[in-house]
There are 4 protein chains.
Amino acid sequence: MQADPRDERRKQIMEAALPVFAANGFHGTSNRAIASAAGIAPGLIYWYFKNKEDLFTTILDTYAPFSRIAIPFATLAEVPPQVVLPRLVARIAELMTDRRTLLVMRLLIAETITNPDAGLRLNSMVKSILDPLAEYLRGQIARGRLRDGEALLMAQTVISMTVFFLIRRVVGQDADLLAYTIDDFSIFLVATFMAAYGA
Amino acid sequence: MQADPRDERRKQIMEAALPVFAANGFHGTSNRAIASAAGIAPGLIYWYFKNKEDLFTTILDTYAPFSRIAIPFATLAEVPPQVVLPRLVARIAELMTDRRTLLVMRLLIAETITNPDAGLRLNSMVKSILDPLAEYLRGQIARGRLRDGEALLMAQTVISMTVFFLIRRVVGQDADLLAYTIDDFSIFLVATFMAAYGA
Amino acid sequence: MQADPRDERRKQIMEAALPVFAANGFHGTSNRAIASAAGIAPGLIYWYFKNKEDLFTTILDTYAPFSRIAIPFATLAEVPPQVVLPRLVARIAELMTDRRTLLVMRLLIAETITNPDAGLRLNSMVKSILDPLAEYLRGQIARGRLRDGEALLMAQTVISMTVFFLIRRVVGQDADLLAYTIDDFSIFLVATFMAAYGA
Amino acid sequence: MQADPRDERRKQIMEAALPVFAANGFHGTSNRAIASAAGIAPGLIYWYFKNKEDLFTTILDTYAPFSRIAIPFATLAEVPPQVVLPRLVARIAELMTDRRTLLVMRLLIAETITNPDAGLRLNSMVKSILDPLAEYLRGQIARGRLRDGEALLMAQTVISMTVFFLIRRVVGQDADLLAYTIDDFSIFLVATFMAAYGA
DNA sequence: CATGAATGAGCGTTCATTCAT
DNA sequence: AATGAATGAACGCTCATTCAT
């Protein structure tokens with residue numbers, strides 16, 4: 001039950017570094033800034049991480065919501081989209097209000113410009129929702145609940161609408177969108193989806 | 001009618017600096033690299049710009065594709081969505097394959113992380129397409145071509161699907177999406193849209 | 001008769017540190033490297049030595065091959081140079097192929113540059129062979145085996161030739177000199193010496 | 001006639017750096033120390049040299065007395081050793097009283113321990129005297145002025161005696177050797193050499 | 001005694017910025 | 001206007017040294 005003190009320190013540094021990286025990017029963040037945010041001496045970072053990049057990628061690996069996004073689509077094969085989609089929206093909304101997830105996503109998006117690795121991570125993050133969802137939709141088509149069509153593009157419709165809405169409403173606090181709750185949006189999404197792709 | 005030589009030089013520096021900034025980010029770009037790209041001595045930058053940051057924000061202010069995205073929706077009130085939407089997709093695709101626009105957008109997105117100002121700029125860019133489109137859709141509803149509904153969310157459906165597709169296909173060169181052409185997507189979008197919101 | 005455990009540890013550290021210092025120099029050797037070579041924690045060095053420099057100079061003081069080079073010339077007064085000189089060459093060669101002696105000599109020579117003290121040490125080391133040898137040669141002159149002359153310069157002839165040969169052959173592994181064995185050289189030295197200075 | 005100002009600065013830095021390197025070795029010398037010795041800002045070193053190592057090797061290349069040691073043995077084929085050897089001694093003595101030559105040699109000797117490159121330089125320096133001298137001696141053997149024998153070892157006899165004497169007398173200021181002038185030594189060397197190897 | 005985490009000064013190097021020319 | 005040498009602060013990182021345990 002006792003936490004490994006070495007892991008404690010690593011975590012402390014990573015949690016202090018994440019917002020600094022997110023605010024200034026990788027190159028814009030100095031080790032001294034990280035150390036000061038973590039309340040430690042700069043040299044100590046190197047006791048726990050090989051170098052600045054190791055700290056950075058470890059943060060991404062640890063906090064990037066890759067697998068955590070996944071909905072257990074496999075167990076939902078019999079559940080209709082009218083139930084699954086709101087659950088997916090709720091799950092993504094939940095993740096996008098998590099401070100750390102949001103910071104990592106910001107970071108990934110910003111770093112994509114300079115760092116091909118970040119781009120790959122971002123894309124694989126997107127795929128990790130998109131592909132299982134498309135697979136689920138193919139199952140629904142087979143079950144006759146949806147019209148035959150391009151499941152990948154259907155999945156993209158769902159994800160793009162959801163992410164776009166959440167970014168503008170939750171993250172951007174856009175005035176026009178604050179008129180809609182996440183439930184409002186969920187209902188709108190299901191209506192759009194079923195009208196467009198329902199059997 | 002004679003171009004101010006001072007402005008000529010400023011433009012020369014900005015155009016040379018833009019791709020360098022876009023490739024390496026603000027922190028990753030040195031004045032020496034900019035000067036070398038512009039074919040001038042590093043010191044000269046300071047004759048035309050207060051400092052590196054001034055050069056950077058001036059570039060964003062100058063090249064951000066605010067209004068250029070706009071479609072003349074006012075003159076299209078009688079044209080049905082089946083015609084207008086593909087035109088919109090084509091216009092956005094055109095912008096997103098324009099080298100300079102893409103570079104500035106990359107920078108804007110990356111800067112959004114660091115600089116709240118850039119976030120506002122980006123949102124106002126999105127609004128400058130979204131609002132006229134929503135207005136057009138309200139007109140179509142009034143004309144009985146679309147079912148009654150939340151025009152702003154309908155507009156978001158269009159824009160989010162389009163931008164998401166283009167980012168993943170054109171910018172990200174995602175392997176799965178290279179199977180679809182922009183025309184394929186246009187057809188899919190219109191079908192989705194009309195089935196979902198058509199009268 | 002029991003070895004002081006404190007001295008045991010000191011010796012352990014010094015013996016581990018010597019080859020590391022010899023391979024990388026004082027500045028090129030980190031305490032971490034020494035500790036790791038000695039199989040102890042870095043902090044422990046400071047329990048046995050004031051600091052890195054103290055450890056270094058203690059090593060030099062302890063292992064410098066001052067007196068060990070000495071040949072018992074006093075007992076050889078009746079033995080002719082033809083016998084004594086090869087024995088001297090062999091002794092010096094033996095020392096210069098002893099790993100630890102060589103390491104210390106390397107360090108001493110290198111330190112001579114930085115530290116005037118080391119220069120004195122080195123000179124006194126040279127004198128400790130040169131002076132007894134000159135004294136022996138004076139005896140040989142008195143015995144009529146050698147022509148009258150400057151015994152000190154004669155002694156220097158012997159030592160300089162020997163050391164120069166051994167450094168270039170044994171230490172430097174110079175290709176040209178690998179053609180000659182130490183015995184070859186010994187014969188050459190005696191021939192040169194006796195032809196030059198023999199009665 | 002006008003000196004290139006760029007070369008002036010390079011020379012200034014190199015001349016300031018040489019004694020600092022010679023006193024502390026490569027690793028023991030900081031760029032700040034060099035800059036301060038040269039009276040410039042640390043960053044400026046990098047305007048004139050790629051990095052610290054480039055500065056270091058450029059100094060060695062520039063000041064190492066490789067070719068400058070060479071005596072024109074080719075033109076001296078007819079001149080007997082009795083004349084040539086004193087000239088050689090004088091030349092080496094001259095070099096070894098040159099401040100810069102001495103510093104470079106110190107540096108090379110000290111660096112040899114850590115830096116194989118320095119060892120190679122040192123050896124090639126030695127060879128650049130030894131080999132032409134051996135060649136000259138072979139010529140003298142052919143001319144019947146010297147007995148047949150190992151020319152390389154004869155040459156080593158000359159060089160080792162000379163260098164050993166000069167280091168102890170001129171560099172080390174050894175008390176015993178101050179009794180002898182360089183001319184004294186020259187006479188002793190010629191006598192030794194001709195008695196040992198003369199025809 | 002012994003450990004190894006922690007410190008902070010200092011390293012080689014880069015780079016935004018200034019300034020004499 | 002324009003150059004490019006020069007500055008010096010700051011960077012990522014290493015390491016001698018200290019110290020709580």
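By convention in this document, chain letters (A, B, ...) are assigned in the order of the sequence lines, proteins followed by strands, and residues within each chain are numbered from 1.
Rounding to whole angstrom units, CG of residue N24(A) and P of dA10(F) are separated by 15 Å. One can place CH2 of W47(B) at 17 Å from P of dG4(F), the figure rounded to the nearest angstrom. The separation between I40(B) atom CD1 and dT3(F) atom P is 7 Å, rounded to whole Å. Between the CZ atom of R6(D) and the C1' atom of dT3(F) there is a distance of 14 Å, given to the nearest Å. Going from atom CZ of F49(D) over to atom P of dG12(E) covers 15 Å, rounded to whole Å. Taking atom CD1 of residue I34(B) and atom C1' of nucleotide dG4(F), one finds them 17 Å apart after rounding to whole Å.
Regarding contacts with the backbone of dA2(F), a side-chain N or O of R9(B) is found under 4.0 angstrom from either OP1 or OP2.
Looking at D117(D) and R121(D), a side-chain N of the basic residue comes within less than 4.0 Å of a carboxylate O on the acidic one, giving a salt bridge.
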| query | Which nucleotides of nucleotides 13-21 of chain F have their base under 4.0 Å from a protein heavy atom (B), which only their sugar-phosphate (S), and which neither (-), written as one string 5' to 3'? | reply | BB-SBB---
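Within the 4.0 angstrom heavy-atom criterion, only backbone atoms of the sugar-phosphate kind lie near Y48(D); the bases stay farther away.
Shown here, dT21(E) forms a base pair with dA2(F); the pair counts as Watson-Crick or G-U wobble because both key distances fall under 3.5 Å.
Mapping A41(D) and A41(B) onto DNA chain F via the closest heavy atom, the residue that lands nearer the 5' end is A41(B).
From F56(B), atom CZ reaches atom CD1 of I34(B) across 9.5 Å, with rounding to the nearest 0.5 Å. With rounding to the nearest 0.5 Å, the separation of CG in L107(D) from OG1 in T112(D) is 9.5 Å.
Side-chain contact between L55(D) and F21(D) is present, with heavy atoms from C-beta onward closer than 4.5 Å.
Judged by distance alone, the side chain of R10(B) and the main-chain N or O of Y48(B) form a donor-acceptor pair under 3.5 Å. Side chain of K52(C) to backbone of I45(C): no donor-acceptor contact under 3.5 angstrom is found.
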